[in-house]
Amino acid sequence: MSLPLLALAMAAFGIGTTELVIMGLLTDVANNLSVSVPAAGMLISGYAMGVVVGGPILALITSRWQRKRTLILLMSIFLIGNIACAISESYTQLMIARVITALSHGAFFGIASVTAAGMVPPEKRGQAIAMVFAGLTIANVLGVPMGTAIGQALGWRMAFWGVALLGVVALVGLWRWMPSRLPLSKGSMLSEFVVLKQPQVSIGLGMSVLASTAMFITLAYFTPILEKFTGVHGVGITLMFLLYGVGMTIGSWLGGKLGSHPLVPTLIKLMIANFIVLLVLTFCLHSIWTMVPAVILWGAITFSPNPLFQLLVVDRAADAPNLASTLNQSAFNLGNALGAWLGGVVISVGVREDFLPLASLAIMAILFVVALASRRLFADVTDIAPAEEAPAPPPADIPIAVDNGVVRNAHKGEHPSDLEQSAPADMTFDPKTLIAMLRGPQIAANADTIDDDASSPDQGSGEPRHNSEEHDDKGDDER
């Protein structure tokens, strides 16, 4: 295993753990700081909004910085934020500390994935990025339950001290193992904002926000639901979060597997499945025996549409990969913030927590309507010709293949059959890389368009390269 990739994976594990561990400690934090559970839920929203705002800003500021220095800076922010969380004596201090911690989240995953892709041969980029995001997946399956168990046994502050220790280990790993002379990013992110003018990109991001909102209305208050209505406490809550993490991993795999199918019709079917699961969850909350299988199913079905939303955005934002990577992180976390806030509003008006799945269902219904209304807008990406009609050869700008989760475009003048004969061996959907789709699948899927510094720096660029470290390379000038 590559030591630099291991350092990136450890950092991803710590970031993923600190984001969601607060959900398992919501009641403890509320009682200790003398605030209501909905107010404690806003700590989830605060972190998410820190990602939404901090990700694009830090990505812009550091876009031309040396990557090792940038990664160390971002992990330093993460470390300081978690220490601040651990020593917070009031709700306001904890909220500020959570926002500070979140500032590094979005930019780190964008830069880490690009860096991982640049340190390996082109044919191993998907594996390298999957290694980085394996840390995020393990955080959902193990980090959050372990942090919850530590917090419940030793106090919620100890959970943040534990995450801070992970940050120290990751920081040392980045300093010792990360190469110093990594290629710089190309281009300016400011020029990429024009991609937001495309309605497909804006609607795709909007659907990601709605899907995440529907999920977090219930997930943000999962601990009080389990305590009040399922009768689960202590270790039982930890195990429930473990089961949900397993379900999320299955959902990520399932969503990626469905990426080779017509996207919007597949999304509509998954939304119908979500309606059914949320209804089932509502009736299963009052028994531990029915809740165990329901939690796994809920995690799998709720999370499965996310990779498909990312595919919609990535395909349409192919000319702005850096910004697309950051905006997808921001969209998901904006949904986290809205979901936690809406769930708190529902509880504050007197609705019992066991009805929160129905509130999630209402948001999912809005998403269903948006998907139906936008089906024609994505027709050239997702629709298949009717069976009774002979499909004509697709134009050059219509995607006809899927490569590791990314819809690829045909070259002009080539027939699909020609592409099939000349396609590289890895132009198949590899389930092993689906682990990278948790929270940031678009980054792994778009790795070879985000950064080609490691293999062919000038390929696909209509402008000469302006790299101060290599401007005197005669070979580059001739090319």
Side-chain angles (χ1 to χ4, degrees), residues 2-12 14-15 51 54-81 100-122 124-125 128-129 131-133 135 167-192 320-326 329 440 443-444 446-461 463-473 475-477:
S2 169
L3 291 179
L5 292 180
L6 178 60
L8 292 174
M10 288 190 300
I15 292 175
V51 177
I57 291 176
L58 283 178
L60 286 170
I61 293 174
T62 63
S63 62
R64 300 297 299 166
W65 288 14
Q66 201 272 341
R67 286 181 181 163
K68 179 177 180 179
R69 182 190 310 163
T70 304
L71 291 169
I72 290 176
L73 171 65
L74 293 174
M75 281 309 299
S76 299
I77 295 174
F78 168 84
L79 177 60
I80 293 170
I100 292 174
T101 308
L103 294 177
S104 64
H105 184 121
F108 177 86
F109 281 106
I111 296 172
S113 62
V114 172
T115 301
M119 291 192 299
V120 298
K124 294 185 178 181
R125 287 180 173 180
I129 298 173
M131 176 68 68
V132 175
F133 280 89
V168 172
V169 174
L171 194 58
V172 172
L174 292 172
W175 176 64
R176 291 290 303 273
W177 298 332
M178 191 62 57
S180 297
R181 294 184 61 83
L182 292 169
L184 299 176
S185 300
K186 298 181 294 183
S188 169
M189 286 189 65
L190 288 172
S191 63
E192 295 184 359
N322 296 324
L323 184 61
S325 300
T326 303
Q329 287 282 330
I443 303 174
N446 209 30
D448 51 340
T449 62
I450 294 177
D451 187 9
D452 283 340
D453 290 327
S455 56
S456 53
D458 293 328
Q459 228 176 26
S461 174
E463 299 177 2
R465 186 180 62 184
H466 298 285
N467 190 329
S468 60
E469 296 179 8
E470 301 180 31
H471 72 280
D472 57 343
D473 190 332
D476 288 347
D477 295 334

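Because only heavy atoms are used, hydrogens play no part in the values below, and waters and symmetry mates are left out as well, while side chains stay in.
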> Can you find a pair of side-chain heavy atoms, one from Met75 and one from Ile15, that are under 4.5 Å apart?
Replying inline: yes

>> So, taking the atom named CD1 in Ile100 and the one named CD1 in Ile77, what distance separates them when rounded to the nearest 0.5 Å?
In response: 9.5 Å

>> Side chains of Leu58 and Phe108, heavy atoms from C-beta outward: is any pair under 4.5 Å?
In response: no

> If you take all heavy atoms of Ala7 and Trp177, which pair is closest and at what distance?
Replying inline: CB-CE3, 4.0 Å

> Can you check whether Leu174 reaches Leu8 side chain to side chain, under 4.5 Å on heavy atoms?
Replying inline: yes

> Atom CG in Leu73, atom CG in Leu171: separation rounded to 0.5 Å?
Replying inline: 10.0 Å

>> For Ser104 versus Phe78, what's the shortest heavy-atom pair and its separation?
In response: OG-CB, 3.7 Å

>> Applying side-chain contact (heavy atoms from CB on, under 4.5 Å), can you list everything that pairs with Ile80, at least two apart in sequence or on another chain?
In response: none

> Nearest heavy-atom pair of Phe109 and Ala12: which atoms, and what distance?
Replying inline: CE2-CB, 3.6 Å

> Taking all atoms of both residues into account, what is the closest heavy-atom pair of Lys68 and Met178, and its distance?
Replying inline: NZ-O, 3.1 Å

